[in-house]
Amino acid sequence: MELNGRDTTMRLLVLLCLLAMPIVAWFSQRGAFGPTNGAISAQYPTLLVASGYAFMIWGLIFVLDVLYGVWQATGERRHDATLSRIAPLTAAGFALTAAWMPLFSMGLFWVCLAVIVHWRACCAPRWC
């Protein structure tokens with residue numbers, strides 16, 4: 001399969017959206033959009049709260065996302081029909097993940113729920 005302009009654009013969009021996630025997370029945890037996740041957690045106490053170190057997994061997730069983004073845009077994968085077909089949903093999923101963080105900091109919890117539902121739709125296997 002030969003890449004057309006749309007495929008190349010979508011592969012670039014996947015890369016840009018995935019890079020937005022750790023950048024937005026960094027700003028979010030520095031209070032750029034409002035209270036940090038820790039401050040919000042303290043504001044709404046629950047019986048079970050994960051320790052701060054439990055969130056270190058996100059560093060690994062972001063690294064794996066970047067590796068995927070580079071992998072899907074290079075070599076023979078550039079011509080993969082399945083990767084081309086899922087690129088719009090992949091980009092949307094990454095963008096929704098990035099959007100969720102500032103919305104949560106702003107206390108827009110119902111909007112966050114809608115974002116999570118739409119993110120889940122991007123992960124639906126029926127698109128492959």
Side-chain angles (χ1 to χ4, degrees):
M1 175 183 153
E2 195 63 34
L3 274 183
N4 60 35
R6 180 183 178 278
D7 289 337
T8 302
T9 301
M10 286 311 306
R11 299 297 177 96
L12 179 59
L13 188 60
V14 167
L15 284 168
L16 292 174
C17 289
L18 76 83
L19 291 173
M21 290 187 308
I23 292 168
V24 170
W26 186 84
F27 279 108
S28 182
Q29 289 309 306
R30 273 139 192 89
F33 308 112
T36 65
N37 289 356
I40 293 170
S41 178
Q43 190 177 3
Y44 300 98
T46 61
L47 294 176
L48 182 63
V49 177
S51 268
Y53 67 84
F55 294 97
M56 290 187 327
I57 188 69
W58 282 101
L60 175 62
I61 291 169
F62 290 149
V63 167
L64 292 173
D65 287 339
V66 169
L67 290 174
Y68 169 77
V70 171
W71 176 83
Q72 61 90 39
T74 59
E76 289 301 313
R77 277 100 35 211
R78 289 180 304 153
H79 307 294
D80 187 286
T82 300
L83 292 175
S84 292
R85 194 168 46 253
I86 66 171
L89 291 169
T90 304
F94 288 151
L96 288 166
T97 300
W100 177 90
M101 292 178 261
L103 293 170
F104 185 79
S105 292
M106 293 179 216
L108 301 172
F109 304 128
W110 286 107
V111 177
C112 288
L113 181 60
V115 168
I116 291 168
V117 168
H118 284 87
W119 171 86
R120 176 58 184 102
C122 291
C123 298
R126 63 189 163 91
W127 296 103
C128 295

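Closest approach of Leu15 and Ala73 over heavy atoms only: CD1-CB, 4.0 Å. Of all non-hydrogen atoms in Arg77 and Trp71, the two that sit nearest each other are NE-O, 2.9 Å. The heavy-atom pair separating Asp80 from Arg11 by the smallest distance is O-NH2, 3.2 Å. What you find for Gly93 and Cys122 is that their closest heavy atoms are N-SG, 3.8 Å. Of all non-hydrogen atoms in Leu96 and Val115, the two that sit nearest each other are O-CG1, 3.3 Å.
Annotation: side chain of Pro102 is in contact with side chain of Val24 (closest heavy-atom distance under 4.5 Å). By the 4.5 Å heavy-atom criterion applied to side chains, Arg78 and Asp7 are not counted as neighbours. The closest side-chain heavy-atom distance from Phe33 to Met101 is not below 4.5 Å.
Ile57 and Phe62 fall within the same hydrophobic cluster, defined by Ile, Leu, Val, Met, Phe, Trp and Tyr side-chain heavy atoms under 4.5 Å apart, directly or through other members. Neither Leu16 nor Met21 shares a network with the other; the hydrophobic side chains, linked directly or stepwise wherever heavy atoms of I, L, V, M, F, W or Y lie under 4.5 Å apart, form separate groups for each. Clustering ILVMFWY residues whenever any of their side-chain heavy atoms sit less than 4.5 angstrom apart, transitively, puts Leu13 in a cluster other than the one holding Ile23. No continuous path of ILVMFWY side-chain contacts below 4.5 Å connects Val117 to Trp119, so the two sit in separate hydrophobic clusters. A continuous path of ILVMFWY side-chain contacts below 4.5 Å connects Met106 to Tyr44, so both sit in one hydrophobic cluster.
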query: Do Thr82 and Arg85 pass the side chain to side chain contact (heavy atoms under 4.5 Å, CB included) test, and can you show the C-alpha distance, the side-chain angles, and the key distance before you say yes or no?
result: CA-CA 5 Å; Thr82 300; Arg85 194 168 46 253; 3.5 Å; yes

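Although no hydrogens or angles enter the test, the distance criterion places a donor-acceptor pair under 3.5 Å between the side chain of Thr90 and the main chain of Ile86.
Listed by first and then second residue, the side-chain hydrogen bond (donor to acceptor under 3.5 Å, both in side chains) pairs that reach into residues 19-29 are Ser28-Ser105, sequence neighbours excluded. The ring-ring contact (aromatic ring centres under 6.0 Å, His included) analysis of residues 84-106, with sequence neighbours excluded, yields the pairs Trp100-Phe104, Phe104-Phe109.
Rounded to the nearest 0.5 Å, atoms CG (Asp65) and CG (Leu60) are 9.5 Å apart. If you take CG on Leu67 and CG on Leu18, they are separated by 10.0 Å, rounding to the nearest 0.5 Å.
Leu47 belongs to no multi-residue hydrophobic cluster, having no ILVMFWY side-chain contact under 4.5 Å with any other such residue.
At a cut-off of 3.5 Å, with distance as the only test, no side-chain donor of Ser84 or Arg6 sits close to an acceptor on the other residue.
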